[in-house]
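A short write-up of the structure that comes next.
This one's a predicted model, so the numbers in the text were calculated from it and none came from an experiment.
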Amino acid sequence: MTVTIAREGSIAVVTVDNPPVNALSQALRQGLLEAVTELDADATVKAVVLICAGRTFIAGADVNEFGKPPQPPHLPDVVAHIEAAKKPWVAAIHGSALGGGLEVALGCAYRVALASASLGLPEVKLGIIPGAGGTVRLPRLIGPAAAVDLVTSGSPVSAKKAEGLGLVDALVDGDLRAGAIGFANGIAEKPLPQPISRRAVPAVEAGFWENAEKAVAAKAKREVAPLRALASVRRASETDFSDAMAFERETFLALRGSVQAAALRHVFFAERAAPRPPELAGIAPRDIRSAAVIGGGTMGAGIAAALRDAGLPVVLIERDAAAVERGLANVRAIYDGSVKRGRMTQALADERMAGVTGGDDYALLADTDLVIEAVFEDLAVKRAVFEKLSSVCRPDAVLATNTSYLDPNAISDGVSHPERFLGLHFFSPAHIMKLLEIVPTGATSPEVLATGFALARLLAKIPVRAGICDGFIGNRILKVTRAQAERLLLSGATPSAVDAALRAFGLPMGPFEAQDLGGLDIAAFQRKAARERGDIPFAPVAERLCSIQRFGQKSGGGWYDYQPGDRVPKPSETVAAIIAEEAAGKRQRVWNEADIADAIVLPMVNEATRILEERVALRSADIDLVKIHGYGFPRWRGGPMHYAEARGLGDVVAVLDRLAADGLADPPCDGLRRAAEVGGFSALER
Ligand code: 3HC
Ligand code: NAI
């Protein structure tokens, strides 16, 4: 039974039990409707508490039903019934009251919550807007300004904040059920409060909606839902309840079937599936209660902060006392930045810092559960580190490398108990970026692999398993992005045109601006290593820029020129002249934005398909997560693989064939042709 009713004197307690998150399935909607009818008819009942079993209050509509036609009873009707009930309903909230869950709570006469609960309307994150009165009742309850914030950001607020907004009537300490019953007894004899639907929306000052529109549009960029959500709150503030409800529902149903909503739903489920790969089901991870990082540079400091933020004590090992001080200062700078941006109190920053012990003596690691190496990208240096770790660490300590391009098998050669070794590839800045590539070697045991995934959960990161190849999943695709960008330059496009086209596609930055920001020297170093291995990397213009010390912003110029103290890229005549020399004799064409985006994104898909075929990635959705969380690929496009599928793989193959015929890309790989025949990448996932 998803809905059960118990009696506590004159209070009825309606319990929703629909694991895992009490999503509003058809059965639950039906159950709530019947509960209203039953309790209205029961003269012994004076008030009703609506509470949920399990980890959370109702977390929203059932996202699994979004691909299908809506089934009655529809949620707006269920909420209207609760609101029209003859007895006051009290929503008792723990965990999260999200989306449709909050809308149900808004139908109730009162809302009480544990302080640990959170409330929100995250629909825009799924490419839709609330569909059961969220945008209509919320401004009537908490005013348009607060409603606009909640609805257009999709971010939940804490129960305490919700109480301040008037969204929650009382916070409950201790037992929620007992507290809510006490509250219900307190209001049972009072007249029913005016239903939210009948309240007026407080007036706004002149220019409010125009300003809100500008702010939301600037933030949403090409995401459709936030502006539509705003329009719905505005409509709710300017017309009557039933007109506003009809407008909201119409928008909700239209967006539910949109391309962006399908993409965002795909990412929602991919993110939830990522931490629990089926192949590791039932495998217990090792306990991680303490951690160490070797190397306190850019990555080591960020990884140390990420580990501390998850509550682990951290030891930071560097080469000598001076380097230890520099490493600790790097970690401190991260916390200072958080305090400065108001993300953390000074006291919390001090507490985090106090949990980092610096040193140059590996003996400090004798009892550490997990050690992550982030020293120079040099095989000999890394191997020397692991030789020491092999001799000082407990045999069951997990040892990890953060290498970007080196072969973890080679790094772990000679490590004692090699089953405890794996790659944990963080992204910079490591305390912020959500992606974690988890790279097992041939020897890594399933428990240690599971420990990598458990660590990702602890650090609130998105784990993706990657096989061993040059650059794993993300950087291997990045190489193709960059090579394609240069191919475009040699065939008539300019760096600014390429960057503008990829921004128009939805990336936060184009490939050339991004290289100028990160520094061209890093990739040059990698190409040198690749050449030493016998590879032939393609970067003719970047090589020339590096040869004249144009390394990007840090050297005053790279793909663009920069004025001192200014980060705005200016087209460079020097670069244009180099491009012209390299392009001499090659066919030039006129590029538009869409063709530029195709010439970069579709070859990325081609490489990603090879990655899937080679089992370097196990699932195409994993590749989407890598590009979204590590490289800024627009979430609303669903990642490159979802984008390609949604566009039609036949079209992708046709465009790649044309580019290949002009010498502007590799031809589609066999896997891509096969996937196109069956209409999806799942055929390659085996
Ligand atoms: N519908 C269907 N399944 C859902 C779901 C939903 N709304 N929310 C979560 N789930 C599933 C997940 O897929 C996962 O399934 P699995 O165990 O089979 O992998 C399981 O519930 C647990 O989810 P999490 O791993 O995310 O659990 P957490 O405890 O970490 O988080 C949560 C719980 C905060 C509730 C989080 O799941 C969440 O944010 N869910 C989404 C909430 C949401 O977006 N609601 C709005 C839906 S749209 C709507 O309501 C429209 C309305 O206006 C008409
Ligand atoms: P970095 O140069 O900023 O830091 C390296 C640190 O390691 C220095 O502080 C150095 O003193 C220390 N170190 C060197 N040898 C050591 C030893 N034997 N013992 C202890 N400490 C030692 O380098 P960065 O950028 O932090 O990179 C570290 C690793 O992370 C590399 O393998 C790199 O490929 C990888 N990586 C880098 C990313 C980036 O964006 N910078 C992203 C992901 C991985």
Side-chain angles (χ1 to χ4, degrees), residues 24 29 32-33 36-37 40 48 50 58 60-61 70 72-91 97-111 119-124 128-152 154 162 165-169 187 190-205 208-209 212-213 216 225-256:
L24 286 152
R29 297 195 300 275
L32 286 173
L33 207 59
V36 175
T37 310
D40 267 1
V48 181
L50 173 63
I58 301 168
H74 303 300
L75 190 57
D77 300 332
V78 175
V79 176
H81 264 76
I82 295 174
E83 192 179 54
K86 293 186 192 131
K87 324 285 165 71
W89 279 53
V90 178
L98 296 177
L102 181 57
E103 290 172 305
V104 166
L106 288 171
C108 294
Y110 300 96
R111 287 148 296 281
L119 299 87
L121 291 170
E123 282 85 346
V124 291
I128 55 175
I129 71 162
T135 66
V136 186
R137 286 193 177 82
L138 206 55
R140 286 172 161 72
L141 183 65
I142 64 174
V148 164
D149 277 355
L150 267 173
V151 170
T152 62
L165 293 172
L167 180 54
V168 161
D169 298 290
I187 51 90
K190 291 190 181 160
L192 275 171
Q194 186 184 37
I196 296 174
S197 62
R198 291 210 216 119
R199 300 184 201 175
V201 180
V204 293
E205 73 272 21
F208 171 83
W209 295 110
E213 204 161 290
V216 172
L227 270 179
R228 303 292 293 273
L230 177 67
S232 196
V233 181
R234 181 172 188 174
R235 181 75 162 239
S237 307
E238 295 177 343
T239 57
D240 64 48
F241 180 77
S242 63
D243 175 80
M245 285 298 287
F247 182 81
E248 181 197 74
R249 188 75 183 165
E250 198 184 305
T251 311
F252 165 78
L253 289 175
L255 289 181
R256 196 174 174 265

To the nearest 0.5 Å, what is the distance between [atom1] ([X]) and [atom2] ([Y])?
{"X": "Ile128", "Y": "Arg228", "atom1": "CD1", "atom2": "CZ", "value": "12.5 Å"}
{"X": "Thr152", "Y": "Leu121", "atom1": "OG1", "atom2": "CG", "value": "10.5 Å"}
{"X": "Leu119", "Y": "Arg111", "atom1": "CG", "atom2": "CZ", "value": "9.0 Å"}

For Pro202, all residues meeting side chain to side chain contact (heavy atoms under 4.5 Å, CB included), sequence neighbours excluded: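 Side chain to side chain contact (heavy atoms under 4.5 Å, CB included) list for Pro202, sorted by chain: Pro144.
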Partners passing side chain to side chain contact (heavy atoms under 4.5 Å, CB included) against Leu50 (at least two apart in sequence or in another chain):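 Applying side chain to side chain contact (heavy atoms under 4.5 Å, CB included) to Leu50 gives Val14, Val16, Leu32, Phe57, Trp89, Val104, Cys108.
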[X] vs [Y] side-chain heavy atoms within contact, under 4.5 Å:
{"X": "Leu167", "Y": "Leu102", "value": "yes"}
{"X": "Leu165", "Y": "Leu141", "value": "no"}
{"X": "Phe208", "Y": "Val148", "value": "yes"}
{"X": "Glu213", "Y": "Trp209", "value": "no"}
{"X": "Pro70", "Y": "Arg256", "value": "yes"}
{"X": "Ile129", "Y": "Val151", "value": "no"}

Any idea which heavy atoms bring [X] and [Y] closest together, and the distance?
{"X": "Arg199", "Y": "Pro193", "value": "NH2-CB, 4.3 Å"}
{"X": "Tyr110", "Y": "Pro191", "value": "OH-O, 4.5 Å"}
{"X": "Ser232", "Y": "Phe247", "value": "CA-CE2, 3.8 Å"}
{"X": "Ile187", "Y": "Pro88", "value": "CD1-CG, 3.8 Å"}
{"X": "Ser237", "Y": "Pro139", "value": "OG-CB, 4.2 Å"}
{"X": "Leu75", "Y": "Glu103", "value": "CD2-OE1, 4.3 Å"}

Qualifying residues under side chain to side chain donor-acceptor pair (under 3.5 Å), relative to Thr37, sequence neighbours excluded: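 For Thr37, no residue satisfies side chain to side chain donor-acceptor pair (under 3.5 Å) once neighbours in sequence are set aside.
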All pairs passing side-chain hydrogen bond (donor to acceptor under 3.5 Å, both in side chains) where residues 244-255 contributes a residue, at least two apart: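 Pairs touching residues 244-255 that pass the test: Thr135-Glu248.
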Residues that Asp40 engages under salt bridge (charged side-chain N to carboxylate O under 4.0 Å, His left out), provided they are two or more places apart: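 Checked Asp40 against salt bridge (charged side-chain N to carboxylate O under 4.0 Å, His left out); zero matches.
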Side-chain (Arg29) to main-chain (Val78) donor-acceptor, under 3.5 angstrom: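 It does not hold such a pair.
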Listed once per pair and sorted, the salt bridge (Lys or Arg N to Asp or Glu O under 4.0 Å) pairs that draw on residues 136-147, sequence neighbours left out: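 Salt bridge (Lys or Arg N to Asp or Glu O under 4.0 Å) check on residues 136-147 returns Glu83-Arg137.
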Audit row: Val79, Leu106, side chain to side chain contact (heavy atoms under 4.5 Å, CB included) steps and yes/no: CA-CA 8 Å; Val79 176; Leu106 288 171; 5.7 Å; no
